[in-house]
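Structure first, then comments.
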Amino acid sequence: ISDDTPAVTLAERSLAAVADHIKSGKARRIVVMTGAGISTAAGIPDFRSPETGLYANLAALNLPEPEAVFDLDFFKKNPKPFYVLAKDLYPGTFHPTVSHVFISLLASKGLLAQLFTQNIDCLERTAGIPGELIVEAHGSFASQRCIDCKTPFPDDKMREHVARAEVPRCIRSEANGDGRCDGLVKPDIVFFHEALPSLFYERRNLAETADLALVLGTSLSVHPFAGLPDMVPEPVPRVLFNMERVGSLGTHADDVLVLGDCDTGVRKLADALGWRDELEAKWREL
Ligand code: CNA
């Protein structure tokens with residue numbers, strides 16, 4: 001498809017036309033799909049950006065390959081690298097970005113049908129997006145448990161361990177009658193080869209009923225999440241805010257590519273919608 005291919009739903013393939021689509025009331029079930037790129041401006045590195053991504057900076061950890069840090073079998077043998085990394089990613093010290101706040105604005109205007117995020121940093125909630133509108137497809141750092149007996153591990157103790165990059169061990173003791181466990185504790189984030197939360201499968205069909213899809217800050221390289229934009233039927237417009245073109249974005253007549261950093265792209269959309277002041281105010285107030 002060439003850039004001149006005429007759009008079907010939109011007046012043209014531009015952000016202004018996307019804004020008109022929203023303003024005309026035709027987009028009331030917006031589905032948003034996000035990845036690490038929406039949090040890089042908050043100071044959290046993504047995985048795959050060359051030089052600044054986590055994978056580029058893992059050499060010091062002596063891993064067989066960067067992905068090993070999120071591999072359960074590797075974690076069982078050597079959990080330390082994960083905890084070194086967790087220290088850099090742990091929620092609590094970061095401020096949501098303009099992109100997070102834009103999604104929160106969509107929610108407060110009743111236009112957000114669902115946010116699917118691959119991020120584990122919990123910044124969606126900090127930005128005020130209601131929990132029921134968020135699917136944390138790869139889990140989050142919000143809770144943690146023993147990988148053997150699944151006994152939950154307390155949040156405050158977890159914070160202390162992560163701050164020291166120390167591996168926490170199961171708290172189940174002989175005292176409670178179940179016997180001592182001492183298994184490794186892992187946050188409820190989805191490692192490679194682990195199942196995604198059931199909520200992802202329960203909600204993903206919302207992508208099929210969307211009247212607008214926004215894809216922000218993801219390389220779309222992790223499946224099954226990466227298949228979500230392809231569930232959006234033509235001619236429903238899909239807008240990509242990303243440094244690079246990814247997945248099948250750009251191949252539908254109503255796809256709009258906004259290449260560059262997503263906060264800049266989102267601010268342009270907010271300008272076109274007349275929401276810019278509200279967006280900046282909401283961001284500053286957080
Ligand atoms: P990724 O594979 O690292 O890709 C990030 C994408 O975002 C790339 O296409 C970048 O070009 C793009 N990008 C980077 N910065 C910006 C920016 N400012 N504006 C626009 N685009 C940008 O990350 P994915 O999320 O696609 O990969 C999935 C993994 C990454 C998930 O399992 C996450 O759990 C995991 N991850 C999450 C976080 C987090 O929670 N913040 C951080 C690092 C990794």
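Any value given below was found using the heavy atoms of this structure, including those in side chains, with hydrogens, waters and symmetry copies removed. Each ligand, and each atom within it, is numbered from 1 in the order the structure gives.
Regarding atom 39 (C) of ligand 1, its nearest protein heavy-atom neighbour is Asp121 OD2, 3.5 Å. Shortest contact from atom 14 (C) of ligand 1 to any protein heavy atom: Asp46 OD2, 3.3 Å. If you check which protein heavy atom lies closest to atom 40 (O) of ligand 1, you get Ile120 N, 2.8 Å. Counting only heavy atoms of the protein, atom 12 (C) of ligand 1 lies nearest to Asn242 OD1, 3.5 Å. Closest to atom 19 (N) of ligand 1 among all protein heavy atoms lies Cys262 N, 2.9 Å. In terms of protein heavy atoms, atom 16 (C) of ligand 1 is closest to Gly37 O, 3.4 Å. Taking atom 2 (O) of ligand 1 as the reference point, the nearest protein heavy-atom neighbour is Arg48 NH1, 2.4 Å. With hydrogens left out, the protein atom closest to atom 32 (O) of ligand 1 is His138 ND1, 2.7 Å, a heavy atom.
Between Phe70 and Phe47, the distance from one ring center to the other falls under 6.0 angstrom.
Residue contact annotation: Ala41 has no non-hydrogen atom under 4.0 Å from ligand 1. Contact between Ala226 and ligand 1 is absent, with no heavy atom of the residue lying under 4.0 Å from the ligand. At a 4.0 Å cut-off, at least one heavy atom of Pro45 sits close enough to ligand 1 to count as contact.
The neighbour count for Asp277 CG, taken as heavy atoms of other residues, nucleotides or ligands under 6.0 Å away, does not exceed 12. Heavy-atom neighbours of Lys109 NZ from other residues, nucleotides or ligands within 6.0 Å: above the threshold of 12.
Within ligand 1, counting atoms from 1 as listed, the ones closer than 4.0 Å to a heavy atom of Ile44 are 41 (N). Interface of Gly35 with ligand 1, defined as ligand atoms under 4.0 Å from a residue heavy atom, comprises 25 (O). Residue contact check: Ser49 has heavy atoms under 4.0 Å from atoms 10 (C), 14 (C) of ligand 1. When each atom of ligand 1 is checked for a heavy atom of Gly260 under 4.0 Å away, the hits are 19 (N), 20 (C). Contact atoms of ligand 1 toward Thr40: 15 (N), 16 (C), 17 (C), 18 (N) (distance under 4.0 Å to a heavy atom of the residue). Listed by atom number, the atoms of ligand 1 under 4.0 Å from Val222 heavy atoms are 28 (C). Shown in contact with Gly217 at under 4.0 Å from a heavy atom are these atoms of ligand 1, numbered in order with element: 5 (C), 6 (C), 7 (O), 21 (N). In summary, the atoms of ligand 1 found under 4.0 Å from a heavy atom of Glu244, numbered by their order in the structure, are 8 (C), 9 (O), 10 (C), 11 (O).
Using a cutoff of 4.0 Å between basic side-chain nitrogens and carboxylate oxygens, Glu244 and Arg48 are not scored as salt-bridged. At a threshold of 4.0 Å, the pair Arg276-Glu280 counts as salt-bridged, since one of the basic side-chain nitrogens sits closer than that to a carboxylate oxygen. A salt bridge between Lys26 and Asp211 is absent, with no side-chain N of the basic residue lying under 4.0 Å from a carboxylate O of the acidic one.
Looking at Ala36 against ligand 1, both its backbone and its side chain come within 4.0 Å, counting heavy atoms. Of all the heavy atoms of Gln118, the ones lying under 4.0 Å from any atom of ligand 1 are found in both the backbone and the side chain.
The two residues Ile129 and Leu112 come nearest to each other via the heavy atoms CG2-CD2, 4.0 Å. When all heavy atoms are compared, the tightest approach of His138 to Ile120 is O-CG2, 3.5 Å.
In this structure a side-chain-to-backbone donor-acceptor pair under 3.5 Å is missing from Asp121 to Pro91.
Between the SG atom in Cys262 and the CZ atom in Arg267 there is a gap of 10.5 Å [rounded to 0.5 Å]. Interatomic distance, Thr151 OG1 to Phe153 CZ, rounded to the nearest 0.5 Å: 11.0 Å.
At a cut-off of 3.5 Å, with distance as the only test, a side-chain donor of Gln144 or Asp155 sits close to an acceptor on the other residue.
Distances between N or O atoms of Asp261 and those of ligand 1 include no value under 3.5 Å.
For Lys186 and Phe82, the positive end is not near the middle of the six-membered ring at less than 6.0 Å and at most 45° from its axis.
Distances from atom 11 (O) of ligand 1 to the heavy atoms of Glu124, Met243, Arg245 show the closest one on Met243.
Checked options Val215, Leu269, Asp261; the residue passing with Phe241 is Leu269 (criterion: side chain to side chain contact (heavy atoms under 4.5 Å, CB included)).
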